[in-house]
Amino acid sequence: MKNIKYLYAFATITALSFTSCSSDNDDKDTEKPVITITEPVVDEGFTPGTDIHLEGVLTDNVELASYKVEVHSAEDGHTHGKMAGAEAASYFHYEQTFSIEAGLRIKEFHQHIPIPTLDANGQPFTDGHYHLGVFCLDKAGNQQQVFLEIYIGANGGDHGHDHKSIN
């Protein structure tokens, strides 16, 4: 019976010591950064041989760490899996990661993403809808991502549908 009392007392003291340390994590940063893309706009069109002009602002409640810009085909129906006939297609792809100076909570970004006229095999890129994504990581490891759809093709902004403006 004495052993059970000692075991109970040991378990209680151990449990209390672990719960009393939980307040150390109360100030841990769990808030994701915020990404605002100001350029380009949704469904904006671009012609191979020109640049995608990308601008925006990254903010965090504590400290930013890095961001990544990515452009890839959206022709797979948003699944990002292998598409039927994808072997014959030559989709433009861009990806680059940028470090952010230590201590910053706000970072304005401005990038020019060149769209080549031909792929590595000398073939023109496949016209179509593409995802432009910005990923942001803060110092605590919280990540946010924002995507918008753009069009890359020989006709640039004239890609078969009208854009409606909201006043």
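By convention here, the first residue in the shown sequence is residue 1. Only this structure's heavy atoms are used, side chains among them; waters, hydrogens and symmetry mates stay out.
- Note that CG of Leu132 and CD of Glu39 are 12.0 Å apart. Values are rounded to the nearest 0.5 Å.
- Aromatic pair Phe109/Tyr67: centroids less than 6.0 angstrom apart.
- In this structure, the side chain of Asp127 engages the main chain of Ala154 through a donor-acceptor pair within 3.5 Å.
- Here the closest heavy-atom approach between residue Glu75 and residue His129 is recorded as OE2-N, 2.6 Å.
- Residues Leu137 and Pro33 have side chains not in contact (no heavy-atom distance under 4.5 Å, counting atoms from C-beta outward).
- In this structure, OG1 in Thr50 is found 4.5 Å from CD1 in Ile115, a value given to the nearest 0.5 Å.
- Distance SG/Cys136 to CD1/Ile35: 5.5 Å, rounded to 0.5 Å.
- The backbone N or O of Gln96 lies less than 3.5 Å from no partner atom in the side chain of Glu70, so there is not a single donor-acceptor pair.
- For the pair Gln144 (side chain) and Val34 (backbone), a donor-acceptor distance under 3.5 Å is absent.
- In this structure, Asp29 contributes its side chain and Glu31 its backbone to a donor-acceptor pair below 3.5 Å.
- Among pairs with a residue in residues 98-120, those fulfilling salt bridge (Lys or Arg N to Asp or Glu O under 4.0 Å) read Glu101-Lys107, at least two apart in sequence or across chains.
- A 4.5 Å side-chain heavy-atom check between Leu54 and Ile113 finds at least one atom pair inside the cut-off.
- At least one donor-acceptor pair closer than 3.5 Å links the side chain of Thr38 to the backbone N or O of Glu55.
- For His131 and His72, the side-chain atoms include at least one donor-acceptor pair closer than 3.5 Å.
- When hydrophobic clusters are built by joining Ile, Leu, Val, Met, Phe, Trp and Tyr residues whose side-chain heavy atoms come closer than 4.5 Å, directly or via intermediates, Val57 is not grouped with Leu148.
- No single ILVMFWY cluster, assembled from side-chain heavy atoms under 4.5 Å apart, contains both Phe98 and Ile106.
- Aromatic ring centres of Phe135 and Phe147: separated by under 6.0 Å.
- Counting non-hydrogen atoms of other residues, nucleotides and ligands closer than 6.0 Å to NZ of Lys139 gives a total of 12 or fewer.
- Side-chain contact check for His53 versus His112: some heavy-atom pair is nearer than 4.5 Å.
- Considering CG of Asp60 and CD1 of Ile100, their distance stands at 9.0 Å, rounded to 0.5 Å.
- Distance CG/Leu58 to OG1/Thr36: 8.0 Å, rounded to 0.5 Å.
- For the pair Ser90 (side chain) and Thr126 (backbone), a donor-acceptor distance under 3.5 Å is absent.
- In this structure, Leu118 places its CG atom where more than 12 heavy-atom neighbours from other residues, nucleotides or ligands lie under 6.0 Å away.
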Review point. Can Tyr94 and Val69 be said to form a side-chain contact (heavy atoms from CB on, under 4.5 Å), step by step?
Key: CA-CA 8 Å; Tyr94 173 89; Val69 177; 4.0 Å; yes
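- Atom OH of Tyr151 is separated from atom OH of Tyr130 by 9.0 Å, given to the nearest 0.5 angstrom.
- A donor-acceptor pair under 3.5 Å is absent between the side-chain atoms of Asn121 and the main chain of Gln123, judged by distance alone.
- Only one option out of Pro116, Pro48, Ser73 pairs with Phe92 in a side chain to side chain contact (heavy atoms under 4.5 Å, CB included); it is Pro116.
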